[in-house]
Amino acid sequence: MMRRHFCHYYEKVYSPKEIKLLNKTIKKNFSTTKDRPATGVTKTATVGLFPITTIPLFYRMLDLVLEINLNNFGYHLYTLPKSYNAHYNIYDEQQQGQYDWHFDSEWESPSQDIKLTAILNLSEKPYEGGELFLATSPVSKITPINTPGNLVIFPSFLLHRVTPVTKGERISAALLWPGPKFH
């Protein structure tokens, strides 16, 4: 595990063979729920949602997110129900896939906030663009997410974006982990 500002990351959480299996399994398990991108923000990606806790191979990722939280943030996180969906994002060159500056914590819920964002690179082929930036001081380019199998974790209230993909496609799973409201 490594740390950069408010972002923590793990390298090679999944092998290329496991990434192929994850992509295949996710595509078979899409939910009927639709993506709700941040209000007023451009998001040009193909997005599917899938129940992350029903795919045993993802437990490794869930354990790492919990470990980062325990050792670094100390947020109270809810236990994820079996039906809890993660996002499967495909940013491709045809759409110049991107997601402008946004917060993942923009939920309108009286009882909970999104506490942590975890992004796993599931790309099977090289791509260009699709860089992740966090609005820390100064703005940080989070390069570890560019490697397939790598996982980045950061507080969901940090402003962040994905720049346009200019060649190929960037595939990622994004988990937005909730907990009780911040006070």
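Given the structure is predicted, the values throughout are model-derived calculations rather than measurements. Numbering of residues begins at 1 and proceeds along the displayed sequence.
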If you apply the rule side-chain contact (heavy atoms from CB on, under 4.5 Å), what do you find for Leu134 with Leu159, and how did you get there? CA-CA 6 Å; Leu134 295 180; Leu159 194 62; over 6 Å; no

List the steps, then state whether side-chain contact (heavy atoms from CB on, under 4.5 Å) holds for Leu57 with Thr25. CA-CA 10 Å; Leu57 192 51; Thr25 306; over 6 Å; no

For Leu22 and Phe58: C-alpha separation, side-chain torsions, deciding distance, then whether side-chain contact (heavy atoms from CB on, under 4.5 Å) applies. CA-CA 8 Å; Leu22 283 168; Phe58 268 111; 3.5 Å; yes

Apply side-chain contact (heavy atoms from CB on, under 4.5 Å) to Asn71 and Glu67, showing your working. CA-CA 6 Å; Asn71 294 325; Glu67 178 182 302; 3.5 Å; yes

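By the 4.5 Å heavy-atom criterion applied to side chains, Met61 and Leu175 are counted as neighbours. With a 4.5 Å cut-off on side-chain heavy atoms, Tyr91 and Ser172 count as touching. Residues Ile19 and Glu124 have side chains in contact (heavy-atom distance under 4.5 Å, counting atoms from C-beta outward).
In terms of modelled atom types and a separation under 3.5 Å, the side chain of Thr44 and the main chain of Gln96 share a donor-acceptor contact. Looking only at distances, no side-chain donor or acceptor of Gln112 sits under 3.5 Å from a matching main-chain atom of Lys181. Remark: side-chain polar atoms of Ser140 are not paired, donor with acceptor, to backbone N or O of Ile142 under 3.5 angstrom. The backbone N or O of Gly149 sits nowhere less than 3.5 Å from a side-chain atom of Tyr10 that would complete a donor-acceptor pair. Judged purely by atom type and a 3.5 angstrom limit, Thr53 uses its side chain to pair as donor or acceptor with the backbone of Pro81. Here the side chain of Tyr14 pairs no donor or acceptor atom with the backbone of Asn121 at under 3.5 angstrom.
In this structure, Gly179 and Tyr78 approach most closely via the heavy-atom pair C-CE1, 3.5 Å. Pairing each heavy atom of Glu131 with each of Lys141, the nearest pair is OE1-CE, 3.2 Å.
Under the 6.0 Å cut-off for aromatic ring centres, His160 and Phe154 qualify, their centroids lying closer than that.
Contact check on Arg60 versus Glu18 returns a salt bridge, with a Lys/Arg side-chain nitrogen under 4.0 Å from an Asp/Glu carboxylate oxygen. A salt bridge is absent between Asp92 and Arg170; no separation between the charged side-chain nitrogens and carboxylate oxygens falls under 4.0 Å. Look at Glu169 and Lys125 and you find no salt bridge, because none of the NZ, NE, NH1 or NH2 atoms lies under 4.0 Å from a carboxylate O. Under a 4.0 Å N-O distance rule, the pair Arg161/Asp100 does not qualify as a salt bridge.
By the side chain to side chain contact (heavy atoms under 4.5 Å, CB included) test, Thr147 pairs with Asn150, sequence neighbours left out. In this structure Thr46 satisfies the side chain to side chain contact (heavy atoms under 4.5 Å, CB included) test together with Ile90, Gln95, sequence neighbours excluded. Scanning for ring pair (Phe, Tyr, Trp, His ring centres under 6.0 Å) contacts around Tyr75 gives Phe73, Phe182, with sequence neighbours left out.
Using a 30° and 60° split on the angle between ring planes, His102 and Tyr99 fall in the parallel class, below 30°.
In this structure, CD1 in Ile153 is found 8.0 Å from SG in Cys7, a value given to the nearest 0.5 Å.
The side chain to side chain donor-acceptor pair (under 3.5 Å) test with Ser156 singles out one residue from Asp104, Thr117, Asp113, and that residue is Thr117.
No continuous path of hydrophobic side-chain contacts links Tyr88 to Leu49 [ILVMFWY only; heavy atoms under 4.5 Å].
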